[in-house]
Amino acid sequence: MSGTDEGGMDVIATAGHVDHGKSTLVRALTGMEPDRWEEERRRGLTIDLGFAWTTLPSGRRLAVVDVPGHERFVGNMLAGVGSVPAALVVVAADDGWSAQTAEHVAVLDALGVRHALLAVTKADLADARPVLDDARERLAATSMGAVPGVAVSAATGAGVPEVAAALEAMLAGLPAPDRSAPVRLWIDRAFPIKGAGTVVTGTLAAGTVAPGDRLQLGDREVGVRGVQSLGRPVERARATARVALNLRGIAVEEIARGDALLTPGAFRVTVDVDVTLDVAPDRLPAEAVVHVGSAAVGARLRPLEGTAVRLRLAGPLPLRVGDRLLVRDPGARRVLGADVRDVDPPELRRRGAARQRAAELAAQPTGAAGAAVELARRRVVRAADFAAMGWPVPDGATAVGPWLMAPGLADQLAARLPAVVARYRELRPLEPGPPVDVARRALELPDAELLRAVVRPPLALREGRVSAATAGLPPQVQQAVDAVRARLAADAFAAPEAPDLAAAGLGPRELAAAVRDGQLVKIADGVFLAPGVADVARQRLTGLPAPFTLSQARSAWGTTRRVAVPLMEWLDARGVTERLPDNTRRLR
Ligand SMILES: Nc1nc2c(ncn2[C@@H]2O[C@H](COP(=O)(O)OP(=O)(O)OP(=O)(O)O)[C@@H](O)[C@H]2O)c(=O)[nH]1
Ligand SMILES: [Mg+2]
């Protein structure tokens with residue numbers, strides 16, 4: 001739904017040759033003066049972007065970005081049309097299709113603008129019919145296709161209501177903007193307001209902005225103090241809309257046309273971009289200017305092959321896969337439309353890498369299917385990063401914490417993991433399996449958290465390791481442990497002395513392995529008992545009067561102080577016994 005929503009409206013831009021009557025028509029439609037500067041009014045020439053708005057007869061609100069036609073100001077024109085979904089193409093009946101008509105229409109075509117209305121102005125001065133026919137025929141060959149045309153005279157007013165009606169019809173066919181999308185507001189003006197600080201304006205093509213929002217500008221965050229739309233404060237502005245934001249914490253000198261205000265974290269900036277052009281040109285300039293939104297940034301072009309080109313931008317831009325760029329060769333006055341295909345492209349080092357990359361891009365579908373291919377190429381990405389690049393989550397991707405794994409990758413790695421564990425245990429038979437970081441590196445994963453999706457029975461994630469379920473101990477160690485356990489079965493508190501353990505081949509590593517495997521319990525350094533000793537110990541203590549002394553407990557257990565002292569503390573720590581202020585204990 002566009003139109004009457006709070007802050008909601010349609011936004012279009014004018015296009016056409018100098019003096020063909022764009023501003024005059026905007027004035028006739030809106031009753032507002034689009035030429036903001038005194039110099040513009042004096043010279044009767046639009047220099048910079050103008051803004052006007054009106055409520056159409058149906059109640060639909062329309063904002064118009066009025067662009068200059070003069071060839072010297074085509075940069076300003078580009079900043080004005082970069083975020084609008086539709087155009088009002090103006091051609092004068094007494095002059096016909098002209099140089100900047102062609103240039104502006106080429107720009108709209110390169111931007112992929114699909115919706116337009118043709119107005120043939122100055123119909124009071126010449127027969128509009130031939131110009132309507134000629135212009136419609138030329139427009140039919142562009143992204144705008146079959147465009148309705150209206151003859152109009154701002155001098156007599158004839159045709160103005162028809163232009164308004166035709167605009168309504170065109171606007172009804174515009175796709176609904178995505179109002180839940182993150183904000184990327186390309187700034188077209190920034191100015192100070194006394195007492196209010198810095199104000200920026202732009203065309204909000206997607207998303208929603210409200211006072212109190214925080215937005216990213218370069219590497220800082222700014223607060224939105226107030227939002228205005230069409231000259232009035234609003235509680236929120238929803239796309240599509242012309243908006244003016246009063247910003248907190250930034251001086252006007254720190255902002256320029258072409259900067260973008262972004263939903264924090266939702267975009268990443270880049271200087272390297274792989275694009276595909278609409279057509280493979282005969283020759284490409286080595287350098288060009290890239291236009292997107294209201295931004296214009298120099299770029300070096302590296303043709304890969306066919307329509308695929310790598311751009312190296314002179315400054316970073318917040319670009320996403322699926323963005324439409326305009327690549328302009330100012331010398332040749334030529335514009336090319338380009339689709340952003342990758343904002344984090346792989347380096348091209350090897351011979352033939354450029355050709356291979358071009359082949360990859362040619363084979364890669366766009367949209368969700370392309371996202372699956374992309375994720376397969378990257379294996380594992382941070383989900384937020386992937387989204388910020390402009391990719392949707394492909395079907396079959398595995399989400400693990402903040403990560404996204406390519407479809408099928410988890411299964412593939414799960415199949416490899418048993419061999420990794422087996423190899424590790426061959427080298428370190430006393431350990432149940434590799435520490436998670438060893439497994440992570442073996443599987444070339446960026447984060448051990450991803451092992452959750454890869455460790456499957458009989459393997460298990462236990463105590464920071466990928467453990468084999470049937471870990472067990474090497475036979476000799478097992479034998480020695482069995483002997484100790486037999487002895488403890490006969491006398492639960494007869495912990496073997498260190499020399500006995502050593503003589504049986506049970507050093508610290510072997511004992512640690514037996515503890516990890518659940519075969520022994522470590523009470524203190526050098527004191528090992530059987531699992532279940534807590535129950536036996538408690539059982540024996542029930543026969544004592546409460547409270548009892550350490551010495552009484554020692555006799556009840558029939559052991560030495562070497563075992564009784566740490567065992568008592570171990571039981572205290574586990575809440576089996578309670579230590580009283582006078583050092584006696586009672587059972588809990
Ligand atoms: N007779 C007649 N004159 C018109 C009409 N529309 C515009 N004009 C005149 O044409 C001249 C140029 O009009 P603008 O509206 O400034 O033209 P523009 O396309 O905005 O020009 P730039 O912004 O400089 O590209 C002005 O003197 C207008 O009064 C019309 O329908 N009939
Ligand atoms: Mg004008």
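What's counted below: heavy atoms across the whole structure, side chains too, no hydrogens, waters or symmetry copies. Counting convention: from 1, in listed order, for ligands and their atoms alike.
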- What part of Asp124, side chain, backbone, both or neither, has a heavy atom within less than 4.0 angstrom of ligand 1?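 Answer for Asp124: side chain.
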- Does the pair Val81 and Val113 meet the rule for a side chain to side chain contact (heavy atoms under 4.5 Å, CB included), with working shown? CA-CA 9 Å; Val81 298; Val113 172; over 6 Å; no
- Is Glu103 paired with Arg333 through a side-chain N to carboxylate O contact shorter than 4.0 Å? yes
Note the single closest protein heavy atom to [atom], along with its residue, its atom name and the distance in Å.
{"atom": "atom 16 (O) of ligand 1", "answer": "Gly44 O, 3.9 Å"}
{"atom": "atom 21 (O) of ligand 1", "answer": "Asp19 N, 3.0 Å"}
{"atom": "atom 17 (O) of ligand 1", "answer": "Gly21 N, 3.1 Å"}
{"atom": "atom 10 (O) of ligand 1", "answer": "Lys122 NZ, 3.1 Å"}

- Task: With atom 24 (O) of ligand 1 as the reference point, say which of Thr46, Thr121, Val90 has the nearest heavy atom.
- Result: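 Ranked by closest heavy atom to atom 24 (O) of ligand 1, first place is Thr46.
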- Message: Determine whether Glu40 and Ser23 satisfy the following criterion, side chain to side chain contact (heavy atoms under 4.5 Å, CB included), listing intermediate values before the conclusion.
- Response: CA-CA 11 Å; Glu40 291 178 313; Ser23 301; over 6 Å; no
- Item | Pairwise distance CG(Asp66) to CG(Leu25) - rounded to 0.5 angstrom | 9.0 Å
- Item | Ser153 heavy atom under 4.0 Å from ligand 1 | yes
Does a donor on one side chain sit under 3.5 Å from an acceptor on the other, for [X] and [Y]?
{"X": "Thr276", "Y": "Asp339", "result": "no"}
{"X": "Thr203", "Y": "Arg242", "result": "yes"}
{"X": "Asp188", "Y": "Ser294", "result": "no"}
{"X": "Gln364", "Y": "Arg377", "result": "no"}
{"X": "Thr46", "Y": "Asp35", "result": "yes"}

- Can you check side chain to side chain contact (heavy atoms under 4.5 Å, CB included) on Asp344 and Asp385, steps first, answer last? CA-CA 10 Å; Asp344 182 25; Asp385 240 21; over 6 Å; no
Element-labelled atoms of ligand 1 that are located less than 4.0 Å from some non-hydrogen atom of [X]:
{"X": "Leu45", "value": "24 (O)"}
{"X": "Thr24", "value": "6 (N), 7 (C), 13 (O), 14 (P), 15 (O), 28 (C)"}
{"X": "Lys22", "value": "15 (O), 17 (O), 18 (P), 19 (O), 20 (O), 21 (O), 22 (P), 25 (O)"}
{"X": "Leu125", "value": "1 (N)"}

- Task: Would you kindly check if the NZ (Lys) or CZ (Arg) of Arg36 is within the cone defined by 45 degrees around the ring axis of Phe51 and under 6.0 Å from the six-membered ring centre?
- Result: no
- When you look at CZ of Arg334, are more than 12 heavy atoms from neighbouring residues, nucleotides or ligands closer to it than 6.0 Å? yes
Give yes if a backbone or side-chain nitrogen or oxygen of [X] is under 3.5 Å from a nitrogen or oxygen of ligand 1, and no if not.
{"X": "Ala154", "answer": "yes"}
{"X": "Ser23", "answer": "yes"}
{"X": "Ala123", "answer": "no"}

- Task: Can you list, by chain and residue number, the protein N, O or S atoms under 2.8 Å from the Mg ion (ligand 2)?
- Result: Ser23 OG, Thr46 OG1
- Task: Over all heavy atoms of both residues, which pair between Val292 and Trp186 is shortest? Give the atoms and the distance, please.
- Result: CG1-CH2, 3.8 Å
- Query: Could any protein non-hydrogen atom be found less than 4.0 Å from atom 1 (N) of ligand 1?
  - Reply: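 Answer yes: something from the protein, a heavy atom, is under 4.0 Å.
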